[in-house]
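Please read these numbers as outputs of a predicted model, since none were measured by experiment.
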Amino acid sequence: MKKITILLLISFCMICLVGCSNASNSPGQNYSVEPYQLNEREQSLLNYMGLGSSAYLFTYNAPYEAITMEVRVYQLTADGIWQEYAGGAIGFGEDREIEPIETLSGVLSIIQRENHAFDMIINSAGQARYTIPPINTEFEQMMYIYTVLSSPQQIELNQEIPLAIFVYDDGTSINSFAEQAYFTPEEFAGRDLVQAITIIFKDEQL
């Protein structure tokens, strides 16, 4: 019940934020994904719900050519390969002219849960919710470090943009890293659990 209430509150906040972030594309407009800058009231609300340090919000504004947005969740295998195991997506239908919006723009919220699970809410003209399942681990977690997108990233069609990486290990030290380390997964060799979340805008339908 508590989880449902929190999700409803988060959804309400996201709907309000979408109203501020949605805008029609115009020549010279910046098409990017960037962290949403919370004001004091919004941050206080998240703190009130116990999500001050576990909710990650991003705004996105894609070019007209982008008709699909995918959020992908990966786990790094023992062989150092990213294996996609969950995610979510939104996109335009075949008749784009009847859609309520012209471009993909809005707010994405990712809420970190226990046992390496996530709740994900994609807000644009409507809302899509996804539950990313937990991962059961056998190691004793001693160290945990993560990185989350902290500056605007230009959208390039059909190119992934890393949003967050989470690293867990039973050792005593982990080197710091940036979200771009997603493209060099060998940096995480030997770690017990590594998760990554990316976003991609595509010029093809789902």
Pair Q43, R41: side-chain N/O donor-acceptor within cut-off below 3.5 Å: no

Distance, nearest 0.5 Å, that separates CE of M69 from CD1 of I155: 9.0 Å

Between CD on residue E204 and OG1 on residue T68, distance to nearest 0.5 Å: 7.0 Å

Main-chain N/O of G171 paired to D169 side chain as donor or acceptor, under 3.5 Å: yes

Nearest heavy atoms of T137 and L193, plus distance in Å: CG2-CD2, 4.0 Å

ILVMFWY cluster, I200 and Y130 together (side-chain gap under 4.5 Å): no

Minimal non-hydrogen separation, V107 against Y60, with atom names: N-CE2, 3.5 Å

Closest non-hydrogen atom pair, A117 against I132: CB-O, 3.3 Å

Chi angles and distances behind the ring-ring contact (aromatic ring centres under 6.0 Å, His included) call for Y146, Y144: CA-CA 7 Å; Y146 70 96; Y144 161 58; 5.7 Å; yes

S109 OG to L57 CG distance, which is reported to the nearest 0.5 Å: 5.5 Å

Distance, nearest 0.5 Å, that separates CG of L149 from CD1 of I197: 12.0 Å

Validation row: V71, L108 side chains within 4.5 angstrom (heavy atoms): yes

Ring-ring centroid check F92 Y64, cutoff 6.0 Å: no

D119/R113 ion pair, N-O < 4.0 Å: yes

Check: W82 and R72 side chains under 4.5 Å, non-hydrogen atoms: no

Side chain E42, main chain N39, donor-acceptor under 3.5 Å: yes

Value rounded to 0.5 Å, distance of OG1 in T147 from CD in E179: 4.5 Å

Side-chain touch Q195/I135, heavy atoms, less than 4.5 angstrom: yes

Mutual orientation of the aromatic rings belonging to F188 and F177 [parallel < 30°, tilted 30-60°, perpendicular > 60°]: perpendicular

Check: T59 and V33 side chains under 4.5 Å, non-hydrogen atoms: no

Same cluster (ILVMFWY, side-chain, under 4.5 Å), V73 and I81: no

No-hydrogen, no-angle side-chain donor-acceptor test under 3.5 Å, T184 and E186: no

Separation between NE2 of H116 and CD of Q75, rounded to the nearest 0.5 Å: 9.0 Å

Cluster overlap L157 with L104, hydrophobic side-chain contacts below 4.5 Å: no

Note, I111 side chain near L51 side chain (heavy atom, < 4.5 Å): yes

Y182 and E160 side chains, donor-acceptor separation under 3.5 Å: yes

Non-hydrogen side-chain atoms of Q153 and Q180 separated by less than 4.5 Å: yes

Y56 vs Y36, ring-ring contact (aromatic ring centres under 6.0 Å, His included): CA-CA, chis, key distance, verdict: CA-CA 8 Å; Y56 312 104; Y36 180 81; over 10 Å; no

N61 versus N30, side-chain donor and acceptor atoms under 3.5 Å: no

